[in-house]
J.: 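First, the structure itself, so that you have it in front of you.
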Amino acid sequence: MRALLVLVTIALAGCTYGAPSASGSGSDAGVTTIDVSLTAHAASAIGAGSSGGYAPAVLTIAAGSRVQFLNADSFAHTASLVSNAQKFPTSSPLGASALTAAGTTLSSGWSSGNLTAGARSPVLLADTPGTYLYGCFYHYGAPMRGAIVVR
């Protein structure tokens with residue numbers, strides 16, 4: 001009976017929200033997930049300006065890490081690089097290209113593409129130290145923006 005309880009506990013731990021998938025379906029082990037939800041993550045002030053809609057608002061990771069976005073809302077979002085910015089621009093710098101997934105590394109131009117409810121972005125490699133600001137094409141002014149700091 002005790003062995004059965006241990007197996008059930010292990011199985012349920014794999015179902016914990018945000019935990020890497022043991023089967024590899026949906027996400028890869030060792031990938032840091034950024035939660036995307038305009039309704040769950042209120043606006044807050046970060047060094048680059050107003051942030052919201054992503055958790056954490058500022059993700060700090062080591063070079064060589066991998067990151068992925070998961071849309072937890074019931075409507076679409078994107079997570080798209082705000083190129084060459086140290087602060088969030090007042091008006092959205094994101095064009096229609098943000099709706100198409102692009103890029104494999106944080107140092108290149110990248111976008112999650114259109115993430116429908118429950119969708120995951122392609123995995124991005126944190127290849128070069130720096131601060132990468134990003135936002136949502138649809139809700140940039142909400143403000144739906146975040147930052148990834150690679151050390």
Side-chain angles (χ1 to χ4, degrees), residues 12-151:
L12 289 175
C15 295
T16 302
Y17 180 75
S21 169
S23 68
S25 62
S27 72
D28 296 322
V31 174
T32 300
T33 300
I34 296 175
D35 187 62
V36 180
S37 176
L38 186 59
T39 59
H41 309 300
S44 62
I46 64 171
S50 293
S51 173
Y54 300 98
V58 178
L59 172 67
T60 301
I61 54 177
S65 299
R66 299 178 309 151
V67 65
Q68 181 178 56
F69 295 87
L70 169 63
N71 184 359
D73 270 337
S74 61
F75 47 93
H77 296 294
T78 73
S80 306
L81 179 66
V82 176
S83 297
N84 303 316
Q86 294 180 350
K87 299 271 185 193
F88 292 116
T90 304
S91 60
S92 178
L94 304 175
S97 63
L99 299 174
T100 303
T104 58
T105 62
L106 290 179
S107 67
S108 64
W110 58 270
S111 179
S112 65
N114 190 54
L115 295 176
T116 57
R120 290 180 181 272
S121 72
V123 173
L124 295 165
L125 175 66
D127 59 320
T128 304
T131 299
Y132 301 91
L133 303 181
Y134 61 91
C136 177
F137 171 80
Y138 300 111
H139 309 105
Y140 183 85
M144 191 166 189
R145 309 172 202 159
I148 300 172
V149 178
V150 179
R151 302 218 185 265

J.: Counting C-beta onward and ignoring hydrogens, is there a side-chain heavy-atom pair between T128 and T105 closer than 4.5 Å?
T.: no
J.: From T33 OG1 over to Q68 CD, what is the distance, rounded to the nearest 0.5 angstrom?
T.: 5.5 Å
J.: Does some side-chain heavy atom of V58 sit less than 4.5 Å from a side-chain heavy atom of S51?
T.: no
J.: Give a yes or no on whether the backbone of S112 and the side-chain of S121 come within a donor-acceptor separation of less than 3.5 Å.
T.: no
J.: Is there a side chain to side chain contact (heavy atoms under 4.5 Å, CB included) between K87 and L133? Walk through the geometry before answering.
T.: CA-CA 8 Å; K87 299 271 185 193; L133 303 181; 5.5 Å; no
J.: On the 0 to 90° scale, with breaks at 30° and 60°, tag the Y54-Y134 ring pair as parallel, tilted or perpendicular.
T.: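 Rings of Y54 and Y134: perpendicular, as their planes differ by over 60°.
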J.: If we only count heavy atoms from C-beta on, is the L106 to D127 side-chain gap below 4.5 Å?
T.: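 Touching, per the 4.5 Å side-chain cut-off.
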J.: Quick one: closest heavy-atom pair of H139 and A76, and the distance?
T.: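 Nearest pair, atom of H139 first, then A76: CE1-O, 3.5 Å.
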J.: If you define the side chain from C-beta out and look only at heavy atoms, does anything of P122 sit under 4.5 Å from W110?
T.: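 No, their side chains stay 4.5 Å or more apart.
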J.: Can you find a heavy atom in the side chain of I34 that is under 4.5 Å from one in the side chain of I148?
T.: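 The answer is yes; the side chains approach within 4.5 Å.
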J.: Quick one: does V36's side chain get under 4.5 Å of M144's, heavy atoms only?
T.: yes
J.: With the side chain counted from C-beta on, respond yes when L38 and Y138 share a heavy-atom pair under 4.5 Å apart, and no when they do not.
T.: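 L38 does not reach Y138 side chain to side chain.
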J.: Is a side-chain N or O of N71 found less than 3.5 angstrom from the main chain of A119, in a donor-acceptor match?
T.: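 Such a contact is absent between N71 side chain and A119 backbone.
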J.: I need the minimum non-hydrogen distance between L81 and S108, along with the two atoms involved.
T.: CD2-O, 3.6 Å
J.: Can you see which heavy atom on V150 is nearest to which on A126, and at what distance?
T.: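 Smallest interatomic distance, heavy atoms only, reads CG2-CB, 3.7 Å.
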J.: Roughly how far, to the nearest 0.5 Å, is CG of L115 from CG of L99?
T.: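 Rounded to the nearest 0.5 Å, the CG-CG separation comes out at 10.5 Å.
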J.: Specify the closest pair of heavy atoms between V82 and P89, including all atoms of both residues, with the distance to one decimal.
T.: CG1-CD, 3.7 Å
J.: Please report the closest heavy-atom contact between G64 and L125, naming both atoms and the distance.
T.: O-CD1, 3.6 Å
J.: Any side-chain to backbone donor/acceptor pair from S111 onto A98? Under 3.5 Å, distance only.
T.: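 Indeed, once roles are kept as given, a pair shorter than 3.5 Å links the two residues.
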J.: If you apply the rule side chain to side chain contact (heavy atoms under 4.5 Å, CB included), what do you find for I46 with R145, and how did you get there?
T.: CA-CA 10 Å; I46 64 171; R145 309 172 202 159; over 6 Å; no
J.: On a heavy-atom basis, which atom in Y140 and which in P93 lie closest, and how many Å separate them?
T.: CZ-CD, 3.7 Å
J.: Within the side chain of T78, is there an N or O that forms a donor-acceptor pair under 3.5 Å with the backbone of F137?
T.: yes
